[in-house]
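Comments concern the structure below.
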Amino acid sequence: MNSTIRIKLSIMMFLEFFIWGAWFVTLGTFLGNNLKASGSETAAVFSTQSWGAIIAPFIIGLIADRYFNAEKILGILHLIGAFLMYQMYQSEEVGMFYTYVLSYMVLYMPTLALVNSVSFNQMKDPEKEFANIRVWGTIGWIIAGLSISYFFHWDSAEGISSGLLKNTFLLAGIAAFVLGLFSFSLPKTPPKVSDEKIKIGDIIGLDALKLLKDKNFAIFFVSSILICIPLAFYYQNANLFLTEAGVENPTGKMAIGQISEALFLLLIPVFFTRFGFKKTILIGMLAWAIRYVLFAYGNGTDLSFMLILGIALHGICYDFFFVSGQIYTNSKAGEKYKSAAQGLITLATYGVGMLIGFAVAGWITDNYKMADGAVNWQMVWIIPAGIAIVVFVLFALLFHEKNKVKEISSTV
């Protein structure tokens with residue numbers, strides 16, 4: 001891969017995740033303050049991510065992989081996405097906003113696979129080259145959060161009261177428009193030529209259901225769905241909670257979570273080698289419970305360090321469970337079912353698991369809203385902490401590791 005292509009792919013990854021980070025982190029705060037959405041309405045909006053994840057394999061499998069160049073579809077989807085972002089920017093009531101955000105997520109989620117396809121198509125050794133390209137996506141997300149807090153100040157108390165958070169959609173829309181145009185200059189990534197008949201089961205990974213005959217994999221599969229319930233609480237409520245707790249520049253401080261994610265990713269091979277898969281994933285589960293206890297008993301003044309520490313645990317929470325789980329799934333599936341197994345796990349977690357999680361988070365938030373409209377945040381965080389502990393105990397008792405996952409360094 002020459003330097004020009006490497007730079008283009010890095011810019012593509014930067015913009016891809018800058019777009020997501022520019023609006024999704026502050027979405028809960030925007031809905032509560034600008035659109036006066038209830039907990040259940042907020043949950044419905046966040047669940048569009050899950051519907052997008054469920055529908056994405058069909059767009060990729062039925063269209064992108066068979067008929068059109070990946071970079072062209074990427075460009076078209078982002079240009080349409082820019083238009084939808086502008087509509088979200090102009091929305092003044094939650095009903096119409098939901099329609100636009102659902103349409104957007106159905107189009108955006110497939111682009112996560114498309115940017116990978118464009119990248120892998122240019123690489124001779126993806127295991128060594130991809131991480132250096134993908135890291136620019138994490139940097140893009142971080143820069144988006146820092147810009148909102150420290151450059152634009154849209155998430156300041158004054159900015160929120162003035163309704164400035166709607167500008168996040170304008171920022172994301174501009175970035176989407178730029179990436180849409182830029183995508184047409186990316187290296188050509190032609191569709192896979194195949195005369196085989198398309199099977200819906202192949203698209204959503206149903207062939208990998210055979211892996212559930214393995215008791216340990218079945219326990220991991222169910223645990224993956226259940227742990228997404230506390231995960232949804234973080235995505236849906238964290239920014240709003242930090243804002244109401246009086247934490248300054250909450251969006252910028254939440255970028256600590258992405259920095260942590262990048263750092264702990266490097267430690268996964270060490271933990272796998274020393275402790276094995278089961279202990280590594282249990283550490284990830286326990287981190288979710290600890291994080292939410294810190295959120296429940298911390299505050300934005302003298303105990304603000306507890307909230308910052310909770311954010312910083314994101315790397316352990318996410319990497320040690322989800323990335324470890326992807327490695328475990330890869331090792332169990334074998335060559336024949338690798339793609340199907342990863343597709344099934346993605347569908348189970350970001351699709352089914354998060355869909356349940358957002359609904360539960362919205363219901364809990366509504367039920368712990370007090371007479372004056374304030375939320376009892378301590379209970380809102382204690383409940384997902386309890387769920388994480390239950391999943392931790394069940395996994396610890398029922399999952400029996402037979403041998404360590406092999407080839408960890410090459411998989412990560």
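Computation of the quantities below employed the complete heavy-atom set of this structure, encompassing side-chain atoms and omitting hydrogens, waters and symmetry-equivalent molecules.
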Between Thr111 and Leu114, is there a donor-acceptor pair closer than 3.5 Å when you use the side chain of the first and the backbone of the second? no
Less than 4.5 Å apart, any side-chain heavy atom of Lys253 and any of Leu242? no
Which distance, rounded to the nearest 0.5 Å, do you find between the CD1 of Ile383 and the CD1 of Ile229? 12.0 Å
Could you work out, with side chain to side chain donor-acceptor pair (under 3.5 Å) as the rule, every residue matching Glu71, not counting sequence neighbours? Asn69
Looking at Trp20, I want to see if its CH2 is surrounded by more than 12 non-hydrogen atoms of other residues, nucleotides or ligands under 6.0 Å. yes
Phe177 atom CZ, over 12 foreign heavy atoms within 6.0 Å: no
Using side-chain heavy atoms (C-beta onward) and a distance below 4.5 Å, is Met13 in contact with Asn116? yes
Shortest non-hydrogen contact from Val118 toward Ala70: CG2-CB, 4.0 Å
Is His153 reaching over with its side chain to a backbone N or O of Ser149, donor-acceptor style, under 3.5 angstrom? yes
Under 3.5 Å, side chain of Ser260 to main-chain N/O of Ile256, donor-acceptor pair present? no
Lys369, NZ: over 12 other non-hydrogen atoms inside 6.0 angstrom: yes
Considering residues at least two apart in sequence or located in another chain, which fulfil the side chain to side chain donor-acceptor pair (under 3.5 Å) criterion with Glu248? none
State which residues pass side chain to side chain contact (heavy atoms under 4.5 Å, CB included) with Leu146; sequence neighbours excluded, sorted by chain then number. Ile142, Tyr150, Ala255
Given 3.5 Å as the limit, does a donor-acceptor pair link the side chain of Asn33 with the main chain of Ile160, or not? no
Got a sec, which residues hit ring pair (Phe, Tyr, Trp, His ring centres under 6.0 Å) with Phe392, two or more places apart in sequence or on another chain? none
Taking side chain to side chain donor-acceptor pair (under 3.5 Å) as the test, write out the residues that go with Trp141, two or more places apart. Gln258
Rounding to 0.5 Å, atoms CD1 (Ile387) and CG (Leu226) come to a distance of 9.0 Å
Excluding sequence neighbours, so at least two apart, what forms side chain to side chain contact (heavy atoms under 4.5 Å, CB included) with Leu84? Ile80, Tyr100, Ser103, Tyr104, Leu107
Do Phe30 and Phe24 have ring centroids that are under 6.0 Å from one another? no
Do Ile143 and Phe14 make a side-chain contact, defined as non-hydrogen atoms from C-beta onward lying under 4.5 Å apart? yes
Within the structure provided, determine whether Phe320 and Ile268 are in side-chain contact (heavy-atom separation under 4.5 Å). yes
Would you say the side-chain atoms of Asn121 pair up with the backbone N or O of Thr189, donor to acceptor, closer than 3.5 Å? no
Note: Ala176 and Ile19 closest approach over all heavy atoms is CA-CD1, 3.5 Å
What pairs with Thr42 under side chain to side chain contact (heavy atoms under 4.5 Å, CB included), at least two apart in sequence or on another chain? Leu31, Ala37, Phe46, Gln236
For Leu164, does its backbone N or O pair with a side-chain atom of Asn167 as donor and acceptor, under 3.5 Å? yes
Minimum-distance pair of heavy atoms, taken over all atoms of Ile133 and Ser10: CD1-OG, 3.7 Å
Geometric class of the Phe120/Phe130 ring pair [parallel <30°, tilted 30-60°, perpendicular >60°]: tilted
4.5 Å side-chain heavy-atom contact, Phe152 and Ser147: yes
Gap separating the CG atom of Leu211 from the CD1 atom of Ile345, nearest 0.5 angstrom: 8.5 Å
My understanding is that only residues two or more places apart in sequence, or in another chain, count here; which of them pass side chain to side chain contact (heavy atoms under 4.5 Å, CB included) with Ser50? Met354, Leu355, Phe358
Contact check, side chains of Phe221 and Leu212, non-hydrogen atoms, under 4.5 Å: yes
Sidechain-backbone polar pair: Tyr108 side chain, Glu16 backbone, donor-acceptor under 3.5 Å: yes
Between Thr251 and Asp155, does the side chain to side chain donor-acceptor pair (under 3.5 Å) criterion hold? Intermediate values first, please. CA-CA 7 Å; Thr251 311; Asp155 63 347; 2.8 Å; yes
Examine Lys278 relative to Phe399 and say whether NZ or CZ is less than 6.0 Å from the centre of the six-membered ring and inside a 45° cone about the ring axis. no
Indicate the ring-plane relationship of Tyr318 and Phe322, choosing parallel, tilted or perpendicular according to the 30° and 60° boundaries. parallel
Arg6 CZ to Leu9 CG distance, which is reported to the nearest 0.5 Å: 9.0 Å
How long is the span from the CG atom in Leu35 to the OH atom in Tyr98, to the nearest 0.5 Å? 14.5 Å
Return yes if some donor-acceptor pair links the side-chain N/O of Ser185 with the main-chain N/O of Leu181 below 3.5 Å, else return no. no
Taking every non-hydrogen atom, the tightest pair across Leu77 and Pro110: CD1-CB, 4.4 Å
If you take all heavy atoms of Ser324 and Thr280, which pair is closest and at what distance? OG-CG2, 3.5 Å
For Thr29, side chain to side chain donor-acceptor pair (under 3.5 Å) partners two or more places apart: Asn239
Stepwise ring-ring contact (aromatic ring centres under 6.0 Å, His included) test for Phe220 and Phe395: CA-CA 7 Å; Phe220 161 72; Phe395 190 83; 7.1 Å; no
Gap separating the CG atom of Leu313 from the CD1 atom of Ile308, nearest 0.5 angstrom: 11.5 Å
Contacts satisfying side chain to side chain donor-acceptor pair (under 3.5 Å) that involve residues 370-396 (not counting sequence neighbours) are Glu244-Trp377
A quick test of your reading: do over 12 heavy atoms of other residues, nucleotides or ligands sit less than 6.0 Å from OH of Tyr86? no
Side-chain heavy-atom pair Val380, Phe241 within 4.5 angstrom cut-off: no
Output side-chain donor-acceptor pairs under 3.5 Å for residues 286-294, partner residues at least two apart or in another chain, one line each.
{"unit_1": "Trp288", "atom_1": "NE1", "unit_2": "Cys317", "atom_2": "O", "d": "3.2"}
{"unit_1": "Arg291", "atom_1": "NE", "unit_2": "Gly310", "atom_2": "O", "d": "2.8"}
{"unit_1": "Arg291", "atom_1": "NH2", "unit_2": "Gly310", "atom_2": "O", "d": "3.3"}
{"unit_1": "Arg291", "atom_1": "NH2", "unit_2": "Ile311", "atom_2": "O", "d": "3.3"}
{"unit_1": "Arg291", "atom_1": "NH2", "unit_2": "His314", "atom_2": "ND1", "d": "3.4"}
{"unit_1": "Tyr292", "atom_1": "OH", "unit_2": "Pro230", "atom_2": "O", "d": "2.3"}
{"unit_1": "Tyr292", "atom_1": "OH", "unit_2": "Tyr234", "atom_2": "N", "d": "3.3"}

For residues 295-306, pull every pair meeting side chain to side chain donor-acceptor pair (under 3.5 Å), keeping only residues two or more places apart or in separate chains. Asn299-Thr301, Asn299-Asp302
Should the heavy atoms of other residues, nucleotides or ligands under 6.0 Å from CD of Glu93 be counted, would the total exceed 12? yes
Can you tell if the side chain of Ile227 reaches within under 4.5 Å of the side chain of Leu231, non-hydrogen atoms only? no
